[in-house]
A.B. asks: 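The structure's right below; bear with me while I get my questions together.
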Number of protein chains: 2
Amino acid sequence: MIDDPWQRRRLLDAFPFLRATPEAFRAELFAQVALVRLPVGQLICHDGAHCTQLPLVLTGTGRVYKLGENGREITLYRVHPGESCVVTTSCILSGRAFPAFAVCESAVEAVVVRPAEVRRWMATSEPWREYIFGLIASRLQEVFGVLDAVLFQRLDQRLMAYLLGLRETVSGRGIHMTHQALAAELGSSREVISRVLKDMESQGLLRTTRGLIELLDIPALELRAREG
Amino acid sequence: MIDDPWQRRRLLDAFPFLRATPEAFRAELFAQVALVRLPVGQLICHDGAHCTQLPLVLTGTGRVYKLGENGREITLYRVHPGESCVVTTSCILSGRAFPAFAVCESAVEAVVVRPAEVRRWMATSEPWREYIFGLIASRLQEVFGVLDAVLFQRLDQRLMAYLLGLRETVSGRGIHMTHQALAAELGSSREVISRVLKDMESQGLLRTTRGLIELLDIPALELRAREG
DNA sequence: GTTGATTCAGTGACTTTGTCACCAAGCAAC
DNA sequence: GTTGCTTGGTGACAAAGTCACTGAATCAAC
């Protein structure tokens, strides 16, 4: 139950679609959900687990990834504020096991909904349905995109594209990330990432130091991320 | 509209969950849907297309696959009688583009539903919702499984597992399939499939002739499909 | 500061997989 | 037969993953 008006306000701000719902629905929502805080690194769900609640993220981000038996991993998508892990939803609604891992990438505040309410609101609330379906579709597309990248794109291009994408979100010139973390992002291994980065460095495209990557020639990187 | 009692019967037989719906719902369904027949090889949906109807398959199978710019492809899943392409559903419900290709693998008879009805029934019919969610969850798991296989499993093991899986569905000792078709199934290339098969042949695990693969040592194949 | 542990990165040898170019065998139509 | 198409085979190479090991940077404790 959430009764603090300020917390209610935060929830509505993070999930704007709720403002389009009837007063009664919001009242029920406030009554039925709970606020949780999870620390960085907290495992939310492991491969094969059965989900018992749906988290709606207020702050922080979750990371959903696949883990191979050899220890390699790949990020499938992230759950940002205003979103929810819809794979969890589909598992709840169908009673299946969750097919991946989910972990708190930063400290997460979330509102958790029980399966019974998830199901009920699918039946009673049009905006809720729209919200959930929008998320399902966008996750599906993300996962399909990952599959496409893994199968059909060269690693150096994927890496360049990823670094360029980060640059837009991170302030400052450098990207603070280890080779291991990059490998886990892209589903590769540390050694290979190191090699590819070294190669790019030798071509003057970027500079690397322990835990930091500085992009030097961004136009060239953008060009080569698109086509060999 | 479907008014032939025999066709109505076939529809109910293929989609047993419909028997759990009220008479009125089934009447509306029969009134709103149309029966279509599609020939083998008919392209149902291409990458980036916007779906305008949801097909419920009565007979035949559809194949959903990703195609890379280099021409390589990989099968994501198949749509069998009694199923539907729920990625299409999610595209319809969210207005997004379809992120893959879909083609008729055999002649397909399907009942097509318009987006308006797909949406409306999600609101009004509990069994319809259950059906759709069950499918979404199982597709998600299939696609996650493909990703897992591509990233973390060796090709020879995937190939053995696939051949063993086929053996259960196909009568007779041999599997009639070209190396090219196997490559498209697993997201590899013909040359590599040829090499791997040749290798297995040299180890006495199977025998290949043009368009035909005969599994010889099934216990050994089963063993090696599990672990190197 | 120095020491030691820990994390992070680099390297070489090797395997697996994908790509390219080209050729050969099987099959069908004429 | 000959011609043409489909299917499969091969070798050389490139890209990526694996393994074992080394070295370098960082940090905490002393």
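Computed over heavy atoms, backbone and side chain alike; hydrogens, waters and symmetry mates excluded. Just so it is clear: chains get the letters A, B, ... in the order the sequence lines come, proteins before strands, and each one is counted from 1.
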A.B. asks: Ignoring hydrogens and angles, are the base of dT10(D) and the side chain of R195(B) linked by a donor-acceptor pair under 3.5 Å?
C.D. replies: no
A.B. asks: Round to a whole Å and report the spacing from NE2 of H176(B) to C1' of dC27(C).
C.D. replies: 15 Å
A.B. asks: With a distance cut-off below 6.0 Å to the six-membered ring centre and an angular limit of 45° from the axis, does R10(A) pair with W6(A) as a cation-pi contact?
C.D. replies: yes
A.B. asks: Does CZ belonging to R96(A) count more than 12 external heavy atoms closer than 6.0 Å?
C.D. replies: yes
A.B. asks: Rounded to the Å, how far apart are L197(A) CG and dA16(D) C1'?
C.D. replies: 15 Å
A.B. asks: Expressed in angstrom and rounded to an integer, what is the separation of L182(B) atom CG from dT7(D) atom P?
C.D. replies: 12 Å
A.B. asks: Backbone N or O of M122(A) within a donor-acceptor pair of the R129(A) side chain at under 3.5 Å?
C.D. replies: yes
A.B. asks: Nearest whole angstrom, please: distance from the C1' of dT7(D) to the CD1 of I193(B).
C.D. replies: 14 Å
A.B. asks: Give T178(B) one of three labels, base, sugar-phosphate or nothing, depending on what nucleic acid heavy atoms sit under 4.0 Å from its own.
C.D. replies: sugar-phosphate
A.B. asks: Of R190(A) and Q153(A), whose nearest nucleotide on DNA chain D comes first from the 5' end?
C.D. replies: Q153(A)
A.B. asks: In terms of side-chain heavy atoms of L155(A), which of dA16(D), dT17(C), dG10(C) is nearest?
C.D. replies: dA16(D)
A.B. asks: At under 4.0 Å, does any side-chain N or O of N70(B) touch on OP1 or OP2 of dG18(C)?
C.D. replies: no
A.B. asks: Send over the distance from H179(A) NE2 to dT7(C) P, rounded to a whole Å.
C.D. replies: 17 Å
A.B. asks: Does a side-chain N or O of S194(A) approach OP1 or OP2 of dG10(C) to a distance below 4.0 Å, or not?
C.D. replies: yes
A.B. asks: Could you tell me how far apart F152(B) (CZ) and dT18(D) (C1') are, to the nearest whole angstrom?
C.D. replies: 15 Å
A.B. asks: For R210(B) and dA24(C), give me the distance from atom CZ to atom C1', rounded to whole Å.
C.D. replies: 11 Å
A.B. asks: Measure from the side-chain heavy atoms of T208(A) and tell me the nearest of dG9(D), dT11(C), dG10(C).
C.D. replies: dG10(C)
A.B. asks: Please tell me if the side chains of L76(A) and E142(A) come closer than 4.5 Å, counting only heavy atoms from C-beta onward.
C.D. replies: no
A.B. asks: May I have the distance from Q180(B) (atom CD) to dT6(D) (atom P), rounded to whole angstrom?
C.D. replies: 12 Å
A.B. asks: According to ring pair (Phe, Tyr, Trp, His ring centres under 6.0 Å), does anything in residues 81-108 of chain A pair up with another residue at least two apart or in another chain? List the pairs.
C.D. replies: Y65(A)-F101(A)
A.B. asks: Distance check: side-chain N/O of S188(B) vs OP1/OP2 of dG18(C), anything under 4.0 Å?
C.D. replies: yes
A.B. asks: dT18(D), OP1 or OP2 - any side-chain N/O from R72(A) closer than 4.0 Å?
C.D. replies: yes
